[in-house]
Amino acid sequence: MRKTEENLQLPIHDWIFENLSDAVLFVDKEGQIVALNQSTHDLLQLQSDTKPYITDYLNLDSLTPTGKELMIRTKKKPEKLILLQSIQLGDYVCMLLKEGGLQANKESVVYSLNNMINGPYEGIVMYDGDKIVDCDQAFASLSGYNRSELLGESVLKIVHPNDHKKLIKSVESERTSSFTVKGIRKDGSDIYTEIIPEIINVKNNQLRIAIVRNITERVENEKQIEFMAYYDELTDLPNRNYFQKVLKDEIHSAILNSNKLAVHFIDLDYFKHINDTLGYHFGDRLLKSCADRLKRLFVEDVFIARVTGDEFLVLQRDVDKPEEAEEFAQKLINSFKQPLNVDGYEIYTSVSIGISLFPDLGDHASQLIKQADTAMHLIKEENKNDYQIFKTSLTEGFKERLTMENELHKAIKNQDFELFFQPQIEMKSKKIIGLEALCRWNHPEKGLIPPKEFIPLSEKTGLIVELGDWVIREACRQNKLWQDLGLPKVKVSVNLSARQFLQRDLVRNIESILNETGLDPQYLELEITESMAMSNEQFIIETLKGFQQLGVNVALDDFGTGYSSLKYISQFPLSKLKIDRLFIQNRTEQNVAIVKTIIHLSHSLNLKVIAEGVENEEDLLFLNGENCDEVQGFYFSKPVPVKEVDLLFNKKLS
């Protein structure tokens with residue numbers, strides 16, 4: 001006990017005064033503390049002043065005792081709330097003090113809020129406006145701070161800026177409904193909390209005490225569920241659901257603002273072949289690489305999503321005219337001209353794009369997506385590496401295509417196909433040195449159907465592998481039969497489709513066919529296109545080396561129309577380059593230069609050169625003058641059925 005005046009007689013026994021657990025003190029009419037016990041000294045943290053005044057420690061408006069319990073604040077930082085009762089005892093005012101913050105309110109608050117929470121609370125905080133008055137250790141632990149670091153600080157310090165308005169609105173409201181805020185721990189990490197507030201009255205002011213619950217795990221689970229619902233896990237792009245949602249909103253906005261939109265449906269060319277050949281794990285990494293390239297196009301007016309497999313959707317906003325959509329589609333196509341790097345491999349791929357326009361072609365999200373999808377499939381069948389704007393007329397042939405697809409399945413089963421052969425002529429000897437096998441569909445009602453009408457469909461349906469195997473087997477069998485009949489031994493040339501070429505067991509299949517038919521491997525030549533050869537360098541080299549070991553020749557078809565990479569033709573074990581008919585039939589100054597370059601390049605690499613599309617004597621003289629090794633075309637013979645091949649060898653070629 002302390003006494004500020006000597007021989008002061010208190011109206012309380014000294015022993016009781018000194019041993020009371022509650023804080024008790026006496027002040028004179030000036031407010032000077034004349035006596036206090038140890039509990040008061042600890043509660044108010046009094047300094048060793050000779051004449052301390054109670055108003056130096058408590059915010060008292062008056063020293064006049066009321067007999068009522070009041071809640072007042074301490075002046076010393078950090079602030080405390082003190083419950084005070086005072087009575088007049090003689091010439092002095094006796095004050096009874098006890099802590100009035102959480103210590104005094106915690107149990108009652110928890111009890112009053114018990115029906116509002118489902119589960120245990122994790123922390124309690126008392127705040128006045130945005131200032132933290134008091135908190136328990138559990139709340140401090142949630143925030144990552146020490147309790148002493150929080151007292152007197154703004155609660156906004158530990159709340160994410162995006163939720164400041166939400167918290168301030170709650171403080172200013174008379175209602176005490178629960179709400180959630182995103183907090184920021186001392187270490188900068190995020191924490192999601194549920195705040196369940198309760199108002200308490202202190203004099204004329206209102207304080208808030210709130211139970212705080214950590215709901216971070218629940219929020220993160222909800223975010224994961226939302227991510228799964230609206231995002232593609234492999235590429236981190238929005239998925240089809242999210243795209244449709246955004247498209248619907250954009251259509252609504254476009255209607256209000258008289259704007260136009262374009263939907264681009266993108267499909268990777270040859271992806272399934274790569275996936276089937278190199279496995280799904282490699283295919284997944286290729287898709288991620290494609291997605292990363294598309295993400296570079298993220299600008300304000302573009303929204304990109306992955307549909308499924310190798311298909312993507314792009315929403316282009318504010319499209320004033322169709323030409324803008326076409327320009328953007330071409331930009332997409334150009335972005336894939338550079339190879340993709342996947343696990344150290346340079347993978348060349350291209351994209352086919354279908355476009356639908358709002359409001360010109362459709363006014364519903366699902367309709368626009370379907371139209372773009374339709375246009376994409378049509379351009380993929382016809383050309384690949386190109387774009388197509390949807391037109392109503394495009395759907396007119398769908399029924400016919402569906403019918404043809406069903407009939408194609410039956411034709412494969414019944415082997416309603418036959419081979420035609422076009423001779424390949426050596427320029428020096430003027431002799432037939434090869435025959436290119438060309439497949440025809442012998443339709444029971446429509447007659448012979450040319451390849452351009454059913455080969456793309458067979459590729460789309462996957463029937464090309466089975467059909468291609470039949471063509472190779474039949475070509476080898478027929479060539480061996482001719483040789484056994486005494487016709488000159490020449491090569492038979494067969495085109496490989498991309499899907500055939502990317503089969504893992506292709507070399508073994510070819511070997512099996514050669515063994516089955518008895519044809520010497522040197523009399524089989526397989527033709528591949530540049531786009532197929534560029535799809536996967538390592539796999540291509542291994543396959544071509546497999547053919548080389550078998551003794552089978554490989555020609556690179558349509559040379560000059562694709563990438564024409566010197567790197568690849570120098571590395572691949574090829575026997576021949578085939579100049580596309582485009583350069584022969586359209587002999588512009590540039591095309592003539594290209595033909596000369598191809599011939600010179602091929603001879604420098606010890607490769608033979610064959611030109612297709614020779615239709616007149618002028619074509620022949622030009623190629624002869626450039627030392628082209630071999631030619632084929634209508635000038636010598638159109639493709640003929642099996643029964644007419646022997647006549648070709650008897651025909652004098654001049």
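- Dense packing is recorded around NZ of Lys384, with more than 12 heavy atoms of other residues, nucleotides or ligands lying under 6.0 Å away.
- The number of heavy-atom neighbours closer than 6.0 Å to NZ of Lys288, taken from other residues, nucleotides and ligands shown, is 12 or below.
- What you find for Ser350 and Asn385 is that their closest heavy atoms are CB-OD1, 3.3 Å.
- Pairing each heavy atom of Leu268 with each of Asp310, the nearest pair is O-OD2, 3.0 Å.
- A donor-acceptor contact closer than 3.5 angstrom is absent between the side chains of Asp249 and Ser253.
- Under the 4.5 Å side-chain criterion, counting only non-hydrogen atoms from C-beta, Lys245 is not in contact with Asn241.
- A ring-centre distance under 6.0 Å is found for Tyr242 and Phe303.
- Remark: side-chain polar atoms of His364 are not paired, donor with acceptor, to backbone N or O of Ser366 under 3.5 angstrom.
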Residues Asp42, Ser39; criterion side chain to side chain donor-acceptor pair (under 3.5 Å); working and verdict: CA-CA 5 Å; Asp42 295 340; Ser39 296; 5.7 Å; no
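- Summarising the geometry of Phe179 relative to Pro197, their closest heavy-atom pair is CE2-CG, 4.3 Å, with the distance given to 0.1 Å.
- Looking at heavy atoms from C-beta onward, Phe265 lies out of side-chain contact with Ile355 at the 4.5 angstrom threshold.
- Atoms CG and CZ, on Leu234 and Arg285 in that order, are 10.5 Å from each other to the nearest 0.5 Å.
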Test log, rule side chain to side chain contact (heavy atoms under 4.5 Å, CB included), inputs Arg306 and Asn239: CA-CA 5 Å; Arg306 181 190 176 203; Asn239 61 17; over 6 Å; no
From CA spacing to verdict: side chain to side chain donor-acceptor pair (under 3.5 Å), Asp267, Ser352: CA-CA 5 Å; Asp267 183 90; Ser352 299; 5.7 Å; no
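- At a threshold of 4.0 Å, the pair Glu250-Arg317 counts as salt-bridged, since one of the basic side-chain nitrogens sits closer than that to a carboxylate oxygen.
- Thr40 approaches Leu46 most closely through the heavy-atom pair O-CD1, 4.1 Å.
- Here the CD atom belonging to Glu327 is positioned 10.5 Å from the NZ atom belonging to Lys331, to the nearest 0.5 angstrom.
- Here the side chain of Glu153 pairs no donor or acceptor atom with the backbone of Lys157 at under 3.5 angstrom.
- A side-chain donor-acceptor contact under 3.5 Å links Arg293 to the backbone of Ser335.
- Expressed to the nearest 0.5 Å, how far CG of Asp318 lies from CG of Leu261 amounts to 7.5 Å.
- With Asn257 contributing its side chain and Asn259 its backbone, the two residues share no donor-acceptor pair below 3.5 Å.
- Nearest approach of Leu142 to Arg185, heavy atoms of both residues: O-NE, 3.4 Å.
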Side chain to side chain donor-acceptor pair (under 3.5 Å) between Asn146 and Ser148, worked out: CA-CA 5 Å; Asn146 293 325; Ser148 59; 5.1 Å; no
Derivation and outcome, side chain to side chain donor-acceptor pair (under 3.5 Å), residues His41 and Asn37: CA-CA 7 Å; His41 182 271; Asn37 62 1; over 6 Å; no
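- For the pair Ile184 and Ile158, the minimum side-chain heavy-atom distance is 4.5 Å or more.
- Atom CD of Gln137 is separated from atom CD1 of Ile124 by 13.0 Å, given to the nearest 0.5 angstrom.
- Atom NZ of Lys131 has 12 or fewer neighbouring heavy atoms from other residues, nucleotides or ligands inside a 6.0 Å radius.
- Summarising the local packing, NZ of Lys248 is surrounded by 12 or fewer heavy atoms from other residues, nucleotides or ligands at distances under 6.0 Å.
- Of the residues Leu150, Ile209, Leu151, the one that meets the side-chain contact (heavy atoms from CB on, under 4.5 Å) test with Asp134 is Leu151.
- With hydrogens and angles disregarded, a donor-acceptor distance shorter than 3.5 Å links the side chain of Thr193 to the backbone of Val181.
- Side-chain contact between Ile195 and Lys166 is absent, with no heavy-atom pair separated by less than 4.5 Å.
- In this structure, Tyr57 OH and Gln45 CD are separated by 10.0 Å, a value rounded to the nearest 0.5 Å.
- Side-chain atoms of Val319 and Phe358, non-hydrogen and from C-beta on, never get closer than 4.5 Å to each other.
- Using a 4.5 Å heavy-atom cutoff, the side chains of Ile33 and Phe26 are not in contact.
- Remark: side-chain polar atoms of Thr216 are paired, donor with acceptor, to backbone N or O of Tyr192 under 3.5 angstrom.
- Using modelled atom types, no side-chain atom of Ser178 and backbone atom of Ile196 make a donor-acceptor pair closer than 3.5 Å.
- Counting non-hydrogen atoms of neighbouring residues, nucleotides and ligands closer than 6.0 angstrom, the NZ atom of Lys186 exceeds 12 such neighbours.
- Considering only residues two or more places apart in sequence or on other chains, Thr74 meets the side chain to side chain donor-acceptor pair (under 3.5 Å) condition with none of them.
- Under a 4.0 Å N-O distance rule, the pair Asp128/Arg208 does not qualify as a salt bridge.
- Of the possible donor and acceptor atoms, none in the side chain of Asp130 sits under 3.5 Å from a partner among the backbone N and O of Val155.
- A salt bridge does not link Lys260 to Asp320: none of the charged nitrogens lies less than 4.0 Å from a carboxylate oxygen.
- At least one side-chain heavy atom of Phe139 sits under 4.5 Å from a side-chain heavy atom of Val125.
- Checking Leu378, Leu357, Thr374 one by one against Phe390, the side-chain contact (heavy atoms from CB on, under 4.5 Å) holds for a single residue, Thr374.
- At least one side-chain heavy atom of Leu332 sits less than 4.5 Å from a side-chain heavy atom of Leu294.
- Surrounding CD of Gln338 are at most 12 heavy atoms belonging to other residues, nucleotides or ligands under 6.0 Å away.
- Exactly one of Phe328, Tyr387, Phe312 qualifies for a ring pair (Phe, Tyr, Trp, His ring centres under 6.0 Å) with His264. That residue is Phe328.
- Within 6.0 Å of CG on Asp91 lie no more than 12 heavy atoms contributed by other residues, nucleotides or ligands.
- When all heavy atoms are compared, the tightest approach of Ile54 to Met95 is CG1-SD, 4.1 Å.
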Step-by-step side chain to side chain contact (heavy atoms under 4.5 Å, CB included) determination, Ser86 to Leu96: CA-CA 6 Å; Ser86 58; Leu96 304 178; over 6 Å; no
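- Ion pairing of Asp190 with Lys182 is present here, as a side-chain N (NZ or NE/NH1/NH2) and a carboxylate O approach within less than 4.0 Å.
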Derivation of the side chain to side chain contact (heavy atoms under 4.5 Å, CB included) call for Ile379 and Ile353: CA-CA 7 Å; Ile379 197 64; Ile353 303 173; 6.0 Å; no
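- For the ring pair (Phe, Tyr, Trp, His ring centres under 6.0 Å) test, no residue two or more places apart in sequence or in another chain qualifies with Phe271.
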Step-by-step side chain to side chain contact (heavy atoms under 4.5 Å, CB included) determination, Asp236 to Lys295: CA-CA 10 Å; Asp236 287 339; Lys295 287 174 185 177; 4.0 Å; yes
